[in-house]
Amino acid sequence: MSPTLFSTFPDPDQIADAAEKLRAGHLVAFPTETVYGLGADATNPLAVAAIFEVKGRPRFDPLIVHLYTTADVCRIVSEFPPLAQTLADTFWPGPLTLVLPKRSLIPEIVTAGLPGVAVRIPRHPVALELLRQAGRPVAAPSANPFGWISPTTAQHVRDGLGTAVNCILDGGPCDVGVESTVLSLMDSRPVLLRPGGVSQEEIEAVIGPVQQAIFAEGAGDSAQLAPGMLSRHYAPRTPLVVIERGETALAIPGKRCGLLTEGTRAWQAGFDQIVSLAETADLRICAARFFASLRSLDSADLDVIIAHKFPDNGLGLALNDRLRRASASN
Ligand code: TXA
Ligand code: MG
């Protein structure tokens with residue numbers, strides 16, 4: 001992985017300083033390939049508590065622990081089955097999170113009391129260098145106030161968390177743009193808890209069929225499986241209405257309307273602002289631009305944002321999940 005792929009790379013001193021802050025129990029915001037994370041030493045319950053405080057995040061919503069190598073992962077989980085090894089060999093470093101039985105080294109506050117811990121090795125060179133230098137497992141949710149749109153640039157982190165976090169590493173815009181896929185390996189059958197940057201098809205091509213948690217219909221049962229999967233999440237302040245792919249988007253007369261569309265879908269005149277995510281309908285480009293586009297529409301003083309659904313495959317599954325939660329009313 002070449003750092004030159006990324007537009008920004010912090011000064012080595014800044015990364016060393018951030019690693020020192022993590023070890024001292026402070027919070028550090030850092031880039032990953034998916035979204036920016038708000039990190040704390042996962043073995044320090046007080047440091048982890050500060051994440052919940054700064055984000056305004058409910059304590060029942062567990063955190064993902066980020067590690068530098070698979071050997072580091074094996075130090076915090078009590079089992080690392082062959083299936084995990086196969087997935088690690090294929091997708092790490094990268095946007096796949098595995099839930100595995102935890103060891104007592106990881107405090108309960110990280111997992112919200114659950115027996116499993118969510119682990120991943122991110123692919124961003126700044127994240128990897130930070131983890132290497134910190135020499136600790138780093139718990140990190142997305143670096144945004146709870147429930148709001150996830151940050152894909154350092155500026156988004158500043159906009160959302162302001163002065164609450166004094167160390168923000170800038171690694172440029174995130175290239176994947178949606179959060180990691182969360183796959184539970186706590187039972188004999190793998191369960192997809194959250195669709196994300198690695199598609200279900202890519203996972204199934206490697207390990208065969210995976211079961212989907214019931215994330216399609218909001219909270220319900222999935223709230224127990226993946227406590228963080230609340231129905232309303234990733235949400236702009238402006239009301240968001242999601243329409244089918246084949247449907248022509250119509251502006252509402254008398255209202256300032258915005259449109260978020262993949263680019264190939266149809267719309268009629270009358271929108272105040274249109275964000276066309278990818279002329280080529282490439283879902284990777286759509287994902288990389290998704291949260292930033294939602295933010296720009298949200299700050300355009302609109303009455304309503306209308307969004308076209310994405311195809312229900314590949315990264316489209318993750319994007320539709322984010323759209324569904326962003327448009328949920330509770
Ligand atoms: O891409 C990502 O995953 C980003 C970057 C920063 O790595 N992180 C992220 O974290 O999206 P967060 O906190 O916004 O979402 C983590 C979700 C939780 O809401 C929950 O659904 C699931 O991962 N999760 C975490 N720990 C879990 C556990 N022990 N058991 C089941 N689900 C868990
Ligand atoms: Mg989040």
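Atoms within each ligand, like the ligands themselves, are counted from 1 in listed order. Note that this is a predicted model, so its numbers are computed, not measured.
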Is any N or O atom of [X], backbone or side chain, closer than 3.5 Å to an N or O atom of ligand 1?
{"X": "Ile64", "answer": "no"}
{"X": "Thr32", "answer": "no"}
{"X": "Thr111", "answer": "no"}
{"X": "Arg194", "answer": "yes"}

Element-labelled atoms of ligand 1 that are located less than 4.0 Å from some non-hydrogen atom of [X]:
{"X": "Leu193", "value": "31 (C), 32 (N)"}
{"X": "His66", "value": "5 (C), 6 (C), 7 (O)"}
{"X": "Thr34", "value": "1 (O), 2 (C), 4 (C), 5 (C)"}

Next item on the list: Taking both backbone and side-chain atoms into account, decide whether Asn144 has an N/O/S atom under 2.8 Å from the Mg ion (ligand 2).
Entry: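 No, since none of the N, O or S atoms of Asn144 sits under 2.8 Å from the Mg ion (ligand 2).
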Notebook entry, point to check: Given Asp61, Val178, Val117, Leu38, which one has a non-hydrogen atom that is nearest to atom 19 (O) of ligand 1?
Noted result: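 Shortest heavy-atom distance from atom 19 (O) of ligand 1: Asp61.
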Check: Considering Ala127, Ser180, Ala118, Pro122, which one's heavy-atom position lies nearest to atom 3 (O) of ligand 1?
Finding: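 Result: the heavy atom closest to atom 3 (O) of ligand 1 is in Ser180.
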Next item on the list: Mark the output for Arg57 as yes if a heavy-atom distance to ligand 1 is under 4.0 Å, and as no if none is.
Entry: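 Arg57: in contact with ligand 1 (<4.0 Å).
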Item checked: Any Pro95 heavy atom less than 4.0 Å from ligand 1 ->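 Distance cut 4.0 Å: Pro95 fails for ligand 1.
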Regarding [X] and [Y], does a basic nitrogen lie under 4.0 Å from an acidic carboxylate oxygen?
{"X": "Arg284", "Y": "Asp282", "value": "yes"}
{"X": "Glu33", "Y": "Arg120", "value": "yes"}
{"X": "Asp41", "Y": "Arg136", "value": "yes"}
{"X": "Asp72", "Y": "Arg75", "value": "yes"}

Next item on the list: Working to the nearest 0.5 Å, report the span between OG of Ser180 and CZ of Arg123.
Entry: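 So the OG of Ser180 and the CZ of Arg123 are separated by 11.5 Å.
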Next item on the list: Please report the C-alpha distance between Phe291 and His156 in whole Å, then the side-chain angles of each, then the deciding distance to 0.1 Å, and finally whether the ring pair (Phe, Tyr, Trp, His ring centres under 6.0 Å) criterion is met.
Entry: CA-CA 10 Å; Phe291 283 129; His156 293 163; 9.0 Å; no
Next item on the list: Verify, without hydrogens or angle tests, whether His26 (side chain) and Leu22 (backbone) share a donor-acceptor contact under 3.5 angstrom.
Entry: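 No.
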Checklist line | Beyond-backbone contact of Phe60 with Leu114, side-chain heavy atoms, under 4.5 angstrom | finding: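 No. Closest side-chain heavy atoms not under 4.5 Å.
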Notebook entry, point to check: Do we get Arg325 above Tyr234's six-membered ring, with its NZ or CZ under 6.0 Å from the centre and within 45° of the axis?
Noted result: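 No - Arg325 does not lie over the ring of Tyr234 by the 6.0 Å and 45° rule.
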Next item on the list: Specify side chain, backbone, both or neither for Lys102, according to which of its non-hydrogen atoms lie closer than 4.0 Å to ligand 1.
Entry: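 For Lys102, no heavy atom sits under 4.0 Å from ligand 1.
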